[in-house]
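Below you'll find the structure, written out as structure tokens, and then a few comments.
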Amino acid sequence: EPEVTQTPSHQVTQMGQEVILRCVPISNHLYFYWYRQILGQKVEFLVSFYNNEISEKSEIFDDQFSVERPDGSNFTLKIRSTKLEDSAMYFCASKDRKNTEAFFGQGTRLTVV
Amino acid sequence: AQSVTQLGSHVSVSEGALVLLRCNYSSSVPPYLFWYVQYPNQGLQLLLKYTSAATLVKGINGFEAEFKKSETSFHLTKPSAHMSDAAEYFCAVKRGSTLGRLYFGRGTQLTVWP
């Protein structure tokens, strides 16, 4: 069964460093998302991406964040200068044109020290 | 604006007992509603969805949910809990069927006792 794949599963980084979280969405999907879940809190929307541009972003998605679909298969989230409060589980999701539901990856646990 | 409230951050049941996980939503337009499950160290898996067809929706693993517009609720039920149902369950709402973002509840951790 097709699935969304995220790498790495766990990343530890020092405060102020740049990180790139990688996702391979399901191959025929057209809509892509990033969500995050800080420990003990809700899953929160970060950004949606369609037709090679950002469609919507939340107030969390500030200038420190960027997304890219560099090669038609990968979908990346970059955090330029990580802060302690960026520590969270980051989920990538994708959706096709027809169905309402998004399919989620396993998540990347980011720990900023 | 869309929002979701899940009543009870933790629910414990005995194996074989009824599972009831509560979800209330607010939405300015007819909503699409979802229940996702997260097993330990795994991602979010879709259990079931409501998309304005039948109000009683059946999902995987014997779960079902009923959309009640008058109560703005979408509670998740399973007649008989199994040990393997232990997980975290998230209710979510979205505005539209295409690109719309999901708004999640805080999640309910289900524990099943033998």
Side-chain angles (χ1 to χ4, degrees), chain A residues 1-10 21 23-26 29-61 88-109, chain B residues 1-7 9-10 23-27 29-54 57 59-60 63 65 67 74 87-109:
Chain A
E1 186 178 324
E3 60 181 16
V4 177
T5 306
Q6 289 185 245
T7 55
S9 57
H10 191 184
L21 308 184
C23 170
V24 179
I26 295 173
H29 285 190
L30 300 174
Y31 306 95
F32 312 111
Y33 309 82
W34 283 100
Y35 290 81
R36 77 172 186 191
Q37 184 183 25
I38 294 172
L39 191 63
Q41 297 187 25
K42 286 187 185 188
V43 176
E44 303 171 290
F45 168 79
L46 292 177
V47 65
S48 58
F49 191 87
Y50 169 69
N51 202 24
N52 285 321
E53 60 183 24
I54 290 174
S55 303
E56 187 182 0
K57 58 184 181 180
S58 71
E59 58 282 359
I60 302 168
F61 194 89
M89 180 73 89
Y90 287 80
F91 292 107
C92 174
S94 69
K95 199 183 84 63
D96 63 20
R97 190 190 299 278
K98 186 178 71 165
N99 291 301
T100 58
E101 69 272 23
F103 291 84
F104 285 77
Q106 306 274 65
T108 292
R109 180 166 296 286
Chain B
Q2 277 64 236
S3 70
V4 173
T5 302
Q6 289 184 243
L7 293 174
S9 57
H10 289 85
C23 172
N24 288 88
Y25 69 91
S26 68
S27 176
V29 297
Y32 293 85
L33 293 156
F34 307 83
W35 277 98
Y36 283 87
V37 60
Q38 185 179 29
Y39 297 103
N41 301 314
Q42 295 190 27
L44 297 167
Q45 180 184 4
L46 181 71
L47 264 183
L48 48 78
K49 62 180 179 180
Y50 167 76
T51 57
S52 76
V57 180
I60 62 171
F63 284 92
F67 172 70
F74 190 57
E88 186 143 27
Y89 292 80
F90 294 92
C91 182
V93 64
K94 72 188 291 191
R95 264 192 311 225
S97 62
T98 51
L99 193 57
R101 63 193 274 187
L102 287 166
Y103 295 82
F104 283 87
R106 288 193 173 273
T108 298
Q109 182 68 46

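Chain identifiers are assigned alphabetically (A, B, ...) following the order of the sequence lines, protein sequences preceding nucleic acid strands; residue numbering begins at 1 within each chain.
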* Taking the side chain from A:Gln106 and the backbone from B:Gly43, do they hold a donor-acceptor pair closer than 3.5 Å? -> yes
* Toward chain B, the part of A:Ala102 with a non-hydrogen atom under 4.5 Å -> both
* Asked: With only heavy atoms counted, which part of B:Gln38 is less than 4.5 Å from chain A, the side chain, the backbone, both or neither?
  -> side chain
* Structure fact -> Bottom line for B:Leu102: the part with an atom under 4.5 Å from chain A's heavy atoms is both
* What part of A:Gln37 lies closer than 4.5 angstrom to a heavy atom of chain B: side chain, backbone, both or neither? -> side chain
* Heavy-atom side-chain proximity of A:Lys42 to B:Phe90 below 4.5 angstrom -> no
* Asked: Which value, rounded to the nearest 0.5 Å, describes the distance between A:Met89 atom CE and B:Leu44 atom CG?
  -> 9.0 Å
* Would you indicate whether A:Leu39, at its atom CG, is surrounded by more than 12 heavy atoms from other residues, nucleotides or ligands within a distance under 6.0 Å? => no
* Compare every heavy atom of A:Gly40 with every heavy atom of B:Arg106, then report the nearest pair and how far apart it is. => NH1-O, 4.3 Å
* Structure fact -> Here the pair of heavy atoms bringing A:Thr100 nearest to B:Lys94 is O-NZ, 3.0 Å
